[in-house]
Amino acid sequence: MTIIALGINHKTASVELREKVAFSPQQLSDALQQLSELPQFNESVIVSTCNRTEIYCSLEDPNSQALLGWLAQFHQIEEHELAENVYVHHNQDAVNHLMRVACGLDSLVLGEPQILGQIKQAYNSAKAHNGIQPVFERLFQKTFSVAKQVRTETEIGASAVSVAYAAVNLAKHIYGQLEKTNVLLIGAGETIELVAKHLSQHNPKAITVANRTIERAQLLANEISANVISLAQLPEQLHQADIVISSTASTLPIIGKGVVEQALKKRKHKPMLFVDIAVPRDIESQVNDLDAAYLYTVDDLQAIVNENMASREQAAREAQQIIDDKTHEFAQWQRSLTSVDVIREYRESAQTIKLELVEKALNQLQSGKNSEKVLLELANKLTNRLTHAPTRAIQAAAKEGDIERIAVLKQALGIEQE
């Protein structure tokens with residue numbers, strides 16, 4: 001049996017192609033059903049995210065062409081278009097790749113944790129469609145265990161490596177807990193969406209989204225249970241915010257020193273944290289001159305991100321060592337599984353021979369044949385039948401002059417001399 005991992009990701013394919021091979025929930029169900037009904041695929045799991053589509057299969061045939069052809073046909077794409085952008089891993093390399101993906105080592109953001117949840121979901125979907133048999137059950141449980149070990153024993157997820165994540169971590173570092181803080185988000189683009197996503201995990205007292213377009217702000221606010229105001233309302237609402245995080249496409253500053261001075265007076269100079277992750281800046285640099293106003297820019301955060309990325313790269317090297325060790329353990333388990341099958345088949349064969357000859361001997365005894373002769377005949381026939389195959393193997397090895405095979409056979413048969 002061969003384990004194959006075939007896929008495309010953000011490193012190998014354009015967004016357009018990744019969109020073509022992504023699986024919607026209904027497509028995923030149909031695809032898993034199809035794979036379960038095809039005899040060449042023993043086990044199948046499909047991982048489909050915005051950055052990757054990967055199919056993990058166990059097949060009797062080591063040729064991955066059948067899997068590539070199926071994927072192209074399912075999504076009605078030319079096979080050559082896929083072939084130019086996919087990667088394929090076999091057996092231990094496939095196992096190692098799966099573990100790397102689960103640990104976030106193959107992600108766009110090194111060490112990001114969301115992919116593990118997506119792989120667990122893929123595993124559950126496959127299990128619901130009979131795509132998980134003993135080998136993949138062991139493989140995926142091993143993978144989940146490895147991911148947990150990497151998170152526990154390395155610093156792969158300890159440091160912020162995106163500006164949005166760093167902004168929230170900075171606020172958390174300054175305030176300790178965010179449950180009693182009021183947060184104002186200015187803008188409603190992709191960066192602020194990421195900030196909001198990280199922020200909502202810390203359950204601040206209240207979040208307000210300010211944007212030029214109210215409708216856009218409302219869409220984001222609905223996802224995080226936030227309030228909405230317009231940019232024109234900022235001067236009168238600013239004093240209510242303990243933390244202000246801004247990222248708009250404005251070419252001019254949205255918040256000036258004077259507006260912040262008025263807000264601080266209303267707050268009786270209770271401190272405010274400003275995080276400006278816009279380029280060009282949304283907040284005038286002079287705000288940092290005010291007592292009780294603490295301004296951090298995108299450059300400040302980028303320096304933190306760069307330092308943390310170096311830390312994650314070191315952690316990634318440590319994680320890879322863990323993955324390599326666990327890949328080796330899984331390969332050993334596979335080999336032991338093969339030996340168990342061989343032993344079982346050998347014992348079943350010997351048992352069949354024994355039962356056949358014992359039945360003949362019993363019939364002879366019942367017909368009145370001399371018991372001593374029956375026992376001697378049983379012993380001779382049993383010995384001859386059990387030694388027939390090893391004798392043929394030794395003779396073939398001797399005829400070919402294969403000394404190593406003869407030595408292995410002698411050892412296996414227990415006739416090695418001291």
Side-chain angles (χ1 to χ4, degrees), residues 1-13 17-18 20-23 28 31-32 34-36 38 40-75 77 79 82-108 112 115-127 129 131-147 150 316 319-320 322-331 333-334 337:
M1 187 189 70
T2 300
I3 295 176
I4 291 179
L6 181 148
I8 65 171
N9 63 18
H10 56 281
K11 299 175 186 175
T12 68
L17 183 57
R18 297 204 305 272
K20 288 181 183 179
V21 297
F23 289 85
L28 182 65
L32 290 169
Q34 277 190 27
L35 289 171
S36 71
L38 293 171
Q40 64 266 48
F41 300 109
N42 299 326
E43 302 171 277
S44 305
V45 174
I46 298 174
V47 178
S48 184
T49 73
C50 58
N51 284 327
R52 74 179 63 244
T53 292
E54 294 183 338
I55 305 176
Y56 296 88
C57 281
S58 63
L59 305 90
E60 297 297 335
D61 186 353
N63 188 356
S64 60
Q65 200 63 37
L67 184 55
L68 179 65
W70 174 85
L71 181 61
Q73 183 179 26
F74 185 90
H75 287 293
I77 303 171
E79 191 170 321
L82 266 183
E84 294 170 358
N85 295 275
V86 300
Y87 44 85
V88 181
H89 302 292
H90 294 79
N91 296 321
Q92 280 191 246
D93 290 339
V95 172
N96 199 280
H97 177 75
L98 172 60
M99 291 181 179
R100 280 179 54 80
V101 172
C103 293
L105 301 195
D106 196 57
S107 296
L108 183 61
E112 62 92 5
I115 186 64
L116 177 58
Q118 292 164 333
I119 290 178
K120 285 183 176 179
Q121 186 176 353
Y123 159 82
N124 289 328
S125 297
K127 198 162 190 176
H129 289 83
I132 302 292
Q133 299 303 323
V135 173
F136 268 25
E137 180 66 36
R138 179 75 174 227
L139 171 59
F140 279 84
Q141 293 303 330
K142 188 79 167 177
T143 297
F144 301 149
S145 173
V146 168
V150 165
Q320 186 62 57
I322 295 172
I323 290 168
D324 290 344
D325 291 344
K326 298 306 179 182
T327 299
H328 180 65
E329 284 182 13
F330 182 79
W333 175 80
Q334 275 190 295
L337 186 67

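Note: hydrogens, waters and symmetry copies are ignored here, and every other heavy atom, side chains too, is used.
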(message) Is it the case that the side chains of Thr49 and Gln118 hold a donor-acceptor pair, with the cut-off being a distance below 3.5 Å and no angle test?
(response) no
(request) Could I get the full list of side chain to side chain donor-acceptor pair (under 3.5 Å) partners for Asn91, not counting sequence neighbours? (result) none
(message) Applying salt bridge (charged side-chain N to carboxylate O under 4.0 Å, His left out), can you list everything that pairs with Lys20, at least two apart in sequence or on another chain?
(response) Glu81
(request) Check whether any side-chain N or O of Arg18 sits under 3.5 Å from a backbone N or O of Ala13 as a donor-acceptor pair, and report yes or no. (result) yes
(message) I'd like to know whether CD of Gln121 has more than 12 heavy-atom contacts from other residues, nucleotides or ligands below 6.0 angstrom.
(response) no
(message) Can a donor-acceptor pair be found, under 3.5 Å and without considering hydrogens, that links the side chain of Ser145 to the backbone of Gln141?
(response) no
(request) Applying side chain to side chain contact (heavy atoms under 4.5 Å, CB included), run through Asn42 and Val135 and close with a yes or a no. (result) CA-CA 10 Å; Asn42 299 326; Val135 173; over 6 Å; no
(request) Mind listing the closest non-hydrogen atom pair of Ser44 and Cys57 along with its distance? (result) OG-SG, 3.4 Å
(message) With a 4.5 Å cut-off on side-chain heavy atoms, are Leu105 and Val150 touching?
(response) no
(request) Answer whether the closest heavy-atom distance between the side chains of Gln334 and Arg138 falls below 4.5 Å. (result) no
(request) Nearest 0.5 Å please: distance from the CD1 atom of Ile4 over to the NE2 atom of His89. (result) 11.5 Å
(message) According to side chain to side chain donor-acceptor pair (under 3.5 Å), who are the partners of Asp324, at least two apart in sequence or on a separate chain?
(response) Asn96, Gln320
(request) List for me each residue that meets salt bridge (charged side-chain N to carboxylate O under 4.0 Å, His left out) alongside Glu329, sequence neighbours excluded, and say none if there are none. (result) Lys142, Lys326
(request) Could you tell me how the ring of Tyr123 sits relative to the ring of Phe144: parallel (under 30°), tilted (30 to 60°) or perpendicular (over 60°)? (result) perpendicular
(request) State, with a plain yes or no, whether a side-chain heavy atom of Phe23 is found less than 4.5 Å away from one of His75. (result) yes
(request) Identify the heavy atoms of Thr53 and Ala22 that sit nearest to each other, and give their distance. (result) OG1-CA, 3.7 Å
(request) Rounded to the nearest 0.5 Å, what's the gap from CG on Leu67 to CG on Leu6? Could you check? (result) 5.0 Å
(request) Would you indicate whether the side-chain heavy atoms of Phe41 and Ile55 approach each other to under 4.5 Å? (result) no
(request) Starting at NE2 of His90, measure out to OG of Ser64 and round the result to the nearest 0.5 Å. (result) 4.5 Å
(request) Output the distance between atom CG (Leu98) and atom CZ (Phe140), rounded to the nearest 0.5 Å. (result) 5.0 Å
(message) Quick one: does any side-chain atom of Thr12 pair with a main-chain N or O of Val86 as donor and acceptor, under 3.5 Å?
(response) no
(request) Locate the shortest heavy-atom distance separating Ala122 from Val47; write the atom from each residue and the value. (result) CB-CG2, 3.9 Å
(message) Please check: side-chain N/O of Glu43 versus main-chain N/O of Gln133, any donor-acceptor pairing under 3.5 Å?
(response) yes
(message) To the nearest 0.5 Å, what is the distance between NZ on Lys11 and CG on Asn9?
(response) 6.0 Å
(message) Apply side chain to side chain contact (heavy atoms under 4.5 Å, CB included) to residues Ser125 and Ile46 and explain how you reach the verdict.
(response) CA-CA 8 Å; Ser125 297; Ile46 298 174; over 6 Å; no
(message) I need the Met99 CE to Ile119 CD1 distance, nearest 0.5 Å.
(response) 11.0 Å
(request) Apply side chain to side chain donor-acceptor pair (under 3.5 Å) to Glu54 and list each qualifying residue two or more places apart in sequence or on a separate chain. (result) Arg52, Tyr56, Tyr87, His97
(request) Could you walk me through whether Phe136 and Ile3 pass the side chain to side chain contact (heavy atoms under 4.5 Å, CB included) test, one step at a time? (result) CA-CA 9 Å; Phe136 268 25; Ile3 295 176; 4.2 Å; yes
(request) Under the side chain to side chain contact (heavy atoms under 4.5 Å, CB included) rule, collect the residues that match up with Gln65, sequence neighbours excluded. (result) Asn63, Leu68, Glu79
(request) For Ser107 and Glu112, indicate whether the former's side chain and the latter's backbone hold a donor-acceptor pair under 3.5 Å. (result) no
